[in-house]
Amino acid sequence: MIAILKAGTPQAQIDNLIHWLEGQGLTIHLSYGDYYTVLGLVGDTSSLDMELLASLDIVQSVKRVTEPFKRCNRDFHPDDTIIEVPGTDVKIGGGNFCLIAGPCSVETHEQIIGVARAVKAAGANILRGGAFKPRTSPYDFQGLGQLGIEMLVEAKKDTGLPIITEVMNVNQLPLFEDVDIIQVGARNMQNFDLLKEVGKLKKPILLKRGLCATMKEWLMSAEYIMSEGNEQVILCERGIRTYETYTRNTLDLSAVPTLKGLSHLPVVVDPSHATGKAKLVKPMALAAAAAGADGLMIEVHNDPAHALCDGAQSLTPQQFADVAKTVMAVREVVK
């Protein structure tokens, strides 16, 4: 349930109303807008008298929210959420566009430093790189683990780019203290214990869509994170499994405008994992920008032919520079 308060309501009256509602056993999510204040009522609202609440002088309207996701619901928070990466000027959402780029996996010191410098020069503002790699085969390269994170931190110090990397399980979280954005991958989208733990952190979380997840299930996973107090969630569309076999996955660009209607959270798109083919990354990146995505996550490797992970879908630094330039041109057109 949400209650929209009248413009100009004194803070003391808002506080009194919140205190009364909390006395009914509800948790209150407060959102301030330029012309309104929204109270999101989370909990069992079945016994709350809607007519009584609506009759209060400071209340403009009251309505029930039927969707099971509450905190990430746009009804609860009408304005776009803007994620600010701590210690940087990087913002995601609310008209701010981000380019996340880097190798699928961190392999060597020289590789990650070289790629970091190249993608920054091309316009990227966040460096990605896998330290822990979930692989379909147990015999494939699984990442360098803690050493990979240390190399990412070195690249961060060298270039000033904030870093994002994927966590695989709760036990790894202590290693992520110097990581700016934690990625929860597609295979862990419904690892609810992990979602609750990252929900207790005070840093942005990028939540990738599961391979076969509906948008509703995806938003419910975001709700798990936000229910623990962390509202810094970024949704990442990375393709879903369909009957199509020519591409690695099927990129669902309809998710971008759909999610923006349902939720206030920023939405970025990963065309690399979606298509699995380097030649398809540019057209899908341009389409994502035209669809209104808040950013792109693109795999870039200095030597894709010899990459230890996902070389077929990785761009060279030169190819990424071309994509970045063209994407920003599309952004100017669709603004």
Side-chain angles (χ1 to χ4, degrees), residues 1-86 91-96 170 173 182 184 192-205 207 216-235 259-267:
M1 182 183 295
I2 63 170
I4 301 176
L5 307 187
K6 294 177 180 178
T9 300
Q11 186 62 48
Q13 289 184 274
I14 296 175
D15 293 340
N16 287 337
L17 178 57
I18 291 175
H19 180 72
W20 176 71
L21 291 169
E22 289 176 338
Q24 311 298 308
L26 302 174
T27 300
I28 309 303
H29 183 281
L30 184 62
S31 175
Y32 291 101
D34 293 334
Y35 306 105
Y36 48 74
T37 299
V38 177
L39 298 184
L41 283 55
V42 181
D44 183 7
T45 60
S46 59
S47 60
L48 187 65
D49 189 335
M50 284 185 63
E51 293 184 2
L52 174 62
L53 181 59
S55 70
L56 299 178
D57 290 340
I58 64 172
V59 176
Q60 179 174 307
S61 63
V62 178
K63 75 172 185 176
R64 291 196 181 277
V65 177
T66 57
E67 293 90 349
F69 48 92
K70 308 298 182 185
R71 288 174 170 83
C72 63
N73 197 307
R74 188 170 285 279
D75 285 340
F76 270 50
H77 192 296
D79 295 331
D80 290 344
T81 284
I82 299 175
I83 306 295
E84 299 185 15
V85 182
K91 297 179 180 180
I92 308 169
N96 300 283
V170 171
L173 283 174
I182 295 178
V184 175
F192 300 122
D193 288 339
L194 178 59
L195 297 179
K196 285 190 272 190
E197 286 303 311
V198 298
K200 297 173 184 175
L201 303 178
K202 298 184 183 299
K203 61 176 63 185
I205 308 297
L207 179 65
K216 183 177 180 180
E217 290 168 338
W218 187 11
L219 288 170
M220 289 306 298
S221 291
E223 193 77 8
Y224 261 93
I225 298 172
M226 299 177 75
S227 69
E228 295 293 332
N230 187 352
E231 299 185 354
Q232 302 178 82
V233 179
I234 306 158
L235 301 172
L259 290 172
K260 284 183 167 293
L262 293 170
S263 176
H264 53 88
L265 299 176
V267 183

Novice: Any side-chain heavy-atom pair from V59 and L5 closer than 4.5 angstrom?
Specialist: yes

Novice: Name all pairs fulfilling the ring pair (Phe, Tyr, Trp, His ring centres under 6.0 Å) condition that reach into residues 63-85, sequence neighbours left out, sorted by first residue then second.
Specialist: H77-H264

Novice: Restricting to non-hydrogen atoms, name the atom on V233 and the atom on A222 that form the minimum distance, rounded to 0.1 Å.
Specialist: CG1-CB, 4.1 Å

Novice: Can you tell me how far the NZ atom of K260 sits from the CG atom of L235, to the nearest 0.5 Å?
Specialist: 9.5 Å

Novice: For N96, what residues pass the side chain to side chain donor-acceptor pair (under 3.5 Å) criterion, not counting sequence neighbours?
Specialist: none

Novice: Hey, what do you get for CD (E67) to CG (N73), rounding to the nearest 0.5 Å?
Specialist: 5.0 Å

Novice: Given side chains that start at C-beta, do those of L53 and L17 come closer than 4.5 Å, heavy atoms only?
Specialist: yes

Novice: Set out, in order, the CA-CA distance, both residues' side-chain angles and the distance that settles side-chain contact (heavy atoms from CB on, under 4.5 Å) for L41 and V65, then state yes or no.
Specialist: CA-CA 9 Å; L41 283 55; V65 177; over 6 Å; no

Novice: Could you tell me the separation between the CG atom of D80 and the CD1 atom of I82, rounded to the nearest 0.5 Å?
Specialist: 7.5 Å

Novice: Looking at every heavy atom in both P266 and I83, which two are closest together, and how far apart are they?
Specialist: CG-CG1, 3.7 Å

Novice: Quick check on side chain to side chain contact (heavy atoms under 4.5 Å, CB included): which of T27, L265, I225 does R71 satisfy it with?
Specialist: T27

Novice: Got a salt bridge between K70 and D75, using NZ or NE/NH1/NH2 to carboxylate O under 4.0 Å?
Specialist: no

Novice: Kindly compute the distance separating CG (L39) from CG (L30), expressed to the nearest 0.5 Å.
Specialist: 6.0 Å

Novice: Any side chain to side chain donor-acceptor pair (under 3.5 Å) pairs touching residues 224-234, not counting sequence neighbours?
Specialist: H29-E231

Novice: Does any pair with a residue in residues 9-23 pass side chain to side chain donor-acceptor pair (under 3.5 Å), and if so which ones, sequence neighbours excluded?
Specialist: Q11-D15, Q11-Y32

Novice: Minimum heavy-atom separation for C72 and S263, please, with both atom names.
Specialist: O-OG, 2.6 Å

Novice: With sequence neighbours left out, what residues match K203 under side chain to side chain donor-acceptor pair (under 3.5 Å)?
Specialist: none

Novice: Taking the side chain as every heavy atom from C-beta outward, state whether I182 and L173 have any atom pair closer than 4.5 Å.
Specialist: yes

Novice: Give me each pair satisfying side chain to side chain donor-acceptor pair (under 3.5 Å) with a member in residues 47-65, each pair once, sequence neighbours excluded.
Specialist: T45-R64

Novice: Enter the distance from L48:CG to L21:CG here, rounded to the nearest 0.5 Å.
Specialist: 6.5 Å

Novice: Once rounded to the nearest 0.5 Å, what's the spacing between atom CD1 of I18 and atom CD1 of I28?
Specialist: 6.5 Å

Novice: If I compare all heavy atoms of P68 with all of K216, which pair ends up nearest, and what's the gap?
Specialist: CG-CE, 3.4 Å

